[in-house]
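The analysis underlying the following values was restricted to heavy atoms, covering all of them including side chains, and did not include hydrogens, waters or symmetry mates. For the single chain, residues carry numbers from 1 onward in sequence order. Since this is a predicted model, take the numbers as computed values, not measurements.
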Amino acid sequence: MAEEVLSQVSNTDKRLLVSSTCHLALSAGADLKALAENPASSYNFCRTVYRMLAKTFYLKQDTLSIWEGHVIGLGYGLGAACKLKVGVESTKWSMPEHLIGLVPNSTAGYFLSKLDPSWGLYLYLSSCTLKGVDCYKTGLTTHYLEKKHLQEFISRLENGEDFTRVCDHFHSEPKEDTFYEKNNEVIQEVFGEAKSIEEVFEKLNRKPTNALAQSTLKVMNESSPLTLKVAFEGFKKLKDLSYLEAIKHEANVDLKLFTTYRSNIEQAILSRIIQKHQTKPIWAPNTLEEVTEAMVKQVIKQNIDILAS
């Protein structure tokens with residue numbers, strides 16, 4: 001359905017507004033349970049998703065996304081593909097794929113690699129959640145909107161007013177002391193200039209009294225060691241890739257993990273999403289030391305052009 005809408009929009013002068021009628025979420029991501037149960041569908045799913053994102057990104061007319069509620073996984077990829085991205089008070093952005101045996105995807109790597117390098121890497125590895133003000137501070141969104149203006153903002157967009165002009169009019173510079181400002185120093189220190197994922201862990205371990213360092217360490221210790229290493233190595237190259245090149249990279253990583261390491265994903269989805277357990281899955285491999293350079297290269301290696309006809 002989304003591809004049909006995009007095809008119609010691309011052949012007209014109509015603008016694209018991406019929002020949700022459900023105020024709880026722009027999108028909570030793809031149906032990973034269905035994918036895990038039917039791994040043979042992963043190629044067609046990835047092809048459909050990445051073609052949709054590419055069409056959105058390259059639309060010539062104005063495109064705008066409103067990030068109400070949860071913005072996760074594919075929801076982030078679609079929202080980020082728009083030229084204008086508006087965070088609000090209820091925004092809860094997250095890319096928690098490492099906790100289910102995947103690497104942040106749907107072009108997350110492309111956009112995160114274009115941010116401040118320390119923050120981009122932190123967001124790519126940590127599975128953290130950001131509020132609307134911090135999405136704006138980090139550069140994930142182009143504008144920030146207070147809740148009291150949301151209805152008028154949407155009405156003026158729907159009435160045909162210029163997207164950029166309306167966004168600029170209602171934009172509000174965050175006034176409170178934000179997560180970004182409180183934690184920028186430690187994130188720069190830990191994630192800036194890190195030469196390996198092991199170094200990131202070492203730096204976090206050296207900060208036993210820092211709340212952010214310890215909460216990040218806890219989550220990363222529960223994450224897939226393989227995907228953390230793949231993400232760290234992949235992030236180095238993503239900053240130099242075009243949008244289409246990043247799509248090919250991320251799709252290949254997705255497909256490798258869905259096939260070669262499918263048991264990790266199945267186990268994590270069963271435990272975390274279906275059974276709602278918070279215990280760490282038994283990953284394969286289960287420690288950073290067990291993840292070899294050959295494993296990482298095999299996952300990152302380009303084999304398939306997902307956008308080819």
Side-chain angles (χ1 to χ4, degrees), residues 1-31 48-95 105-108 110-112 114-115 129-176 178 180 243 247:
M1 179 179 177
E3 278 207 281
E4 183 180 338
V5 170
L6 287 169
S7 295
Q8 292 174 1
V9 170
S10 62
N11 292 322
T12 68
D13 59 357
K14 292 182 179 179
R15 306 172 301 173
L16 179 67
L17 172 62
V18 178
S19 63
S20 173
T21 56
C22 169
H23 301 296
L24 295 176
L26 173 65
S27 171
D31 188 350
T48 299
V49 163
Y50 285 110
R51 284 168 65 93
M52 175 187 71
L53 295 177
K55 282 185 178 181
T56 304
F57 184 81
Y58 287 108
L59 281 173
K60 294 180 180 178
Q61 54 266 62
D62 289 341
T63 55
L64 184 154
S65 58
I66 303 173
W67 297 20
E68 270 197 280
H70 291 285
V71 181
I72 302 174
L74 176 55
Y76 169 54
L78 182 57
C82 294
K83 297 178 180 70
L84 297 167
K85 302 168 260 284
V86 180
V88 297
E89 290 175 69
S90 67
T91 301
K92 293 180 180 179
W93 176 94
S94 180
M95 293 299 289
N105 50 23
S106 302
T107 68
Y110 172 82
F111 289 104
L112 296 181
K114 305 302 185 280
L115 305 180
T129 299
L130 289 187
K131 296 180 180 179
V133 288
D134 294 299
C135 287
Y136 172 69
K137 283 285 189 178
T138 57
L140 289 171
T141 56
T142 58
H143 295 80
Y144 175 68
L145 186 71
E146 293 180 346
K147 183 179 180 180
K148 62 185 178 183
H149 298 307
L150 186 57
Q151 270 318 115
E152 185 183 357
F153 174 77
I154 294 173
S155 295
R156 289 175 64 166
L157 294 175
E158 292 176 340
N159 287 336
E161 292 192 40
D162 181 77
F163 276 4
T164 301
R165 191 176 299 120
V166 174
C167 286
D168 290 344
H169 175 77
F170 285 103
H171 171 68
S172 175
E173 284 291 328
K175 299 177 179 64
E176 67 267 38
T178 65
Y180 176 87
Y243 188 76
I247 280 179

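Residue S90 holds its OG atom at 9.5 Å from NE2 of H70, rounded to the nearest 0.5 Å. Note: S172 OG to K147 NZ = 15.5 Å, rounded to the nearest 0.5 Å. Here the OH-OG distance, from Y76 to S94, works out to 11.5 Å after rounding to the nearest 0.5 Å. Expressed to the nearest 0.5 Å, how far CG of L59 lies from CZ of R15 amounts to 13.5 Å. Considering OH of Y50 and CG of L74, their distance stands at 9.0 Å, rounded to 0.5 Å. Rounding to the nearest 0.5 Å gives a distance of 9.0 Å between CG of L145 and CD of E68.
Nearest heavy atom pair, residue T91 against residue C135, reads CG2-SG, 4.0 Å. Of all heavy-atom pairs spanning W93 and L112, the tightest one is CZ2-CD2, 4.2 Å. A pairwise comparison of heavy atoms in Y136 and T142 identifies CE1-O, 3.5 Å as the closest pair. The minimum heavy-atom distance linking T63 with C82 is given by the pair OG1-CA, 3.4 Å. Minimum heavy-atom separation, L140 to W67: O-CH2, 3.7 Å. Shown here for K175 and E146, the closest heavy-atom pair between the two residues is NZ-OE2, 4.3 Å.
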Working note: L64 + C167, criterion side chain to side chain contact (heavy atoms under 4.5 Å, CB included); need CA distance, chi angles, decisive distance, verdict. CA-CA 9 Å; L64 184 154; C167 286; 3.2 Å; yes
Please walk me through it: do H143 and L84 pass side chain to side chain contact (heavy atoms under 4.5 Å, CB included)? CA-CA 8 Å; H143 295 80; L84 297 167; 3.8 Å; yes
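Inter-residue side-chain proximity for L78 and L53 is flagged as met; some heavy-atom pair is nearer than 4.5 Å.
No donor-acceptor distance shorter than 3.5 angstrom exists from the side chain of K14 to the backbone of Q61, with no hydrogens or angles considered. At distances below 3.5 Å, not a single donor-acceptor pair connects side-chain atoms of T141 with backbone N or O atoms of V86. S65 contributes no side-chain N or O that, together with a main-chain N or O of K85, makes up a donor-acceptor pair within less than 3.5 Å.
Environment of NZ in K114: crowded, with over 12 heavy atoms of neighbouring residues, nucleotides or ligands closer than 6.0 Å. The 12-atom threshold is exceeded at NZ of K137, counting heavy atoms of other residues, nucleotides or ligands nearer than 6.0 Å.
In this pair, Y243 and Y58 present their aromatic rings perpendicular. The plane angle is above 60°, beyond the 30 to 60° band.
Under the salt bridge (Lys or Arg N to Asp or Glu O under 4.0 Å) criterion, the residue pairs touching residues 153-167 are E152-R156, R156-E161, with sequence neighbours excluded.
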